[in-house]
Amino acid sequence: MIRGRITGRIWSSKHIETLPNGALLEVTLDTGGSLIALDPLGCAEGEAVLVTQGSVAAGYFTKSKAPIDALIIGSIDEQG
Amino acid sequence: MIRGRITGRIWSSKHIETLPNGALLEVTLDTGGSLIALDPLGCAEGEAVLVTQGSVAAGYFTKSKAPIDALIIGSIDEQG
Amino acid sequence: MIRGRITGRIWSSKHIETLPNGALLEVTLDTGGSLIALDPLGCAEGEAVLVTQGSVAAGYFTKSKAPIDALIIGSIDEQG
Amino acid sequence: MIRGRITGRIWSSKHIETLPNGALLEVTLDTGGSLIALDPLGCAEGEAVLVTQGSVAAGYFTKSKAPIDALIIGSIDEQG
Amino acid sequence: MIRGRITGRIWSSKHIETLPNGALLEVTLDTGGSLIALDPLGCAEGEAVLVTQGSVAAGYFTKSKAPIDALIIGSIDEQG
């Protein structure tokens, strides 16, 4: 998995019908670069998150074949 | 997923028989580089799109095993 | 597989319910960069490890579809 | 998918028994780098091709589990 | 697939139980970098090899779900 921080959100009105519900969040990676991940947890901008990639991201969705290759699987605990 | 913008289209008259119908579009990625993605949505040159990669891209095609590792899953809403 | 060395650990109190038990360890790769891998072996900070990536990492977990794309599969023997 | 051009061919007399028949061609990628892809189409040196990667490349072979992670799926039409 | 040359071997006394038998060889890639691949062919140090990556590498092992994401599938013929 890779670490990153939420830095934005995108909307897609025109999309394929198998796209699951959930926010499409921009995650800036600690190792550089960024990606768009689906968020089933309700994370907020600025939150540090853990992202899984590839077919295991789609495996989270059991009803249909979700076209998702990046999923936020957890929020990383940060010391206050 | 990754963000990009459509910058071209390719044609392949000689191809394997399991290639699905649909435009093969060149997508220039926001993070650099480019790839060729299948477009089931009818996007236009210059449009900002969201691309999924790997075996989940092929999972969109249910009739046969499609040899597709990059699929446009949505058009990204842009403020006018 | 890729080689690396354990350089940290993260905790995630808020996570999806299918995340398996096990430590989430930061592995700094010999080829540069770092990732977070699930550790089923109980490795210690500083230990040299072998990491597998992608859907085969999730295949280790047989009870449910684990959203894991990086797994420590062995500790690398080092000469004393 | 990625674009490239055929720049060579390799032979492997000693190989695992599940390697399918077909030429193993070196493809130099338009975005830099190169890889070895299996060619089911009979492409020639210098030809521009479209390559798919990952498990979908292996899915083209239906008789056995082919250990193929890169497959030429089409020749790209070029203006004369 | 990618080309490389065998430049070392690692041993892992402490490993997960589903790791298959076979040498874990370090392969230095022609395009730069290195990885650890499982070798079912008995290759020697200095030998030029072809490596497949991802879930198709694990598919070679039929008895159990092998946590292998890189497999040597052939030795590359070199002119004497």
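Chain A is the first sequence line, chain B the second, and so forth, proteins listed ahead of strands; every chain is numbered from 1.
For D69(A) (side chain) and T52(B) (main-chain N/O), no donor-acceptor pair under 3.5 Å exists by modelled atom type. Looking only at distances, no side-chain donor or acceptor of S75(B) sits under 3.5 Å from a matching main-chain atom of K14(A).
Only the backbone of A66(A) comes within contact range of chain B, with heavy atoms under 4.5 Å apart. For E26(A), the part lying near chain B is the side chain, with the backbone staying farther off; criterion is any non-hydrogen pair under 4.5 Å. Only the side chain of L19(A) comes within contact range of chain B, with at least one heavy atom under 4.5 Å from a heavy atom of that chain. Both the backbone and the side chain of I68(A) have a heavy atom closer than 4.5 Å to some heavy atom of chain B. Only the side chain of L50(B) has a heavy atom closer than 4.5 Å to any heavy atom of chain A. Contact of L71(B) with chain A is made through the side chain alone, with heavy-atom distances under 4.5 Å. Using a 4.5 Å cut-off between heavy atoms, I72(B) contacts chain A through its backbone alone, with no side-chain atom that close. Interface remark: T18(A) contributes side-chain atoms only to the contact with chain B (heavy atom separation under 4.5 Å).
Atoms CE and CD1, on M1(B) and I10(A) in that order, are 7.5 Å from each other to the nearest 0.5 Å.
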Does the pair I36(A) and R3(B) meet the rule for a side chain to side chain contact (heavy atoms under 4.5 Å, CB included), with working shown? CA-CA 7 Å; I36(A) 306 293; R3(B) 296 174 66 149; 3.7 Å; yes

Verify side chain to side chain contact (heavy atoms under 4.5 Å, CB included) between F61(B) and K65(A), making sure each step is shown before the conclusion. CA-CA 10 Å; F61(B) 302 94; K65(A) 282 185 172 178; over 6 Å; no

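The two atoms that bring A58(A) and V56(B) nearest to each other are CB-CG1, 3.4 Å, heavy atoms only. Heavy-atom minimum distance, I16(A) versus P40(B): CG2-CG, 3.8 Å.
With chain A as partner, the option from I76(B), D30(B), I73(B) having the largest number of non-hydrogen pairs under 4.5 angstrom is I73(B).
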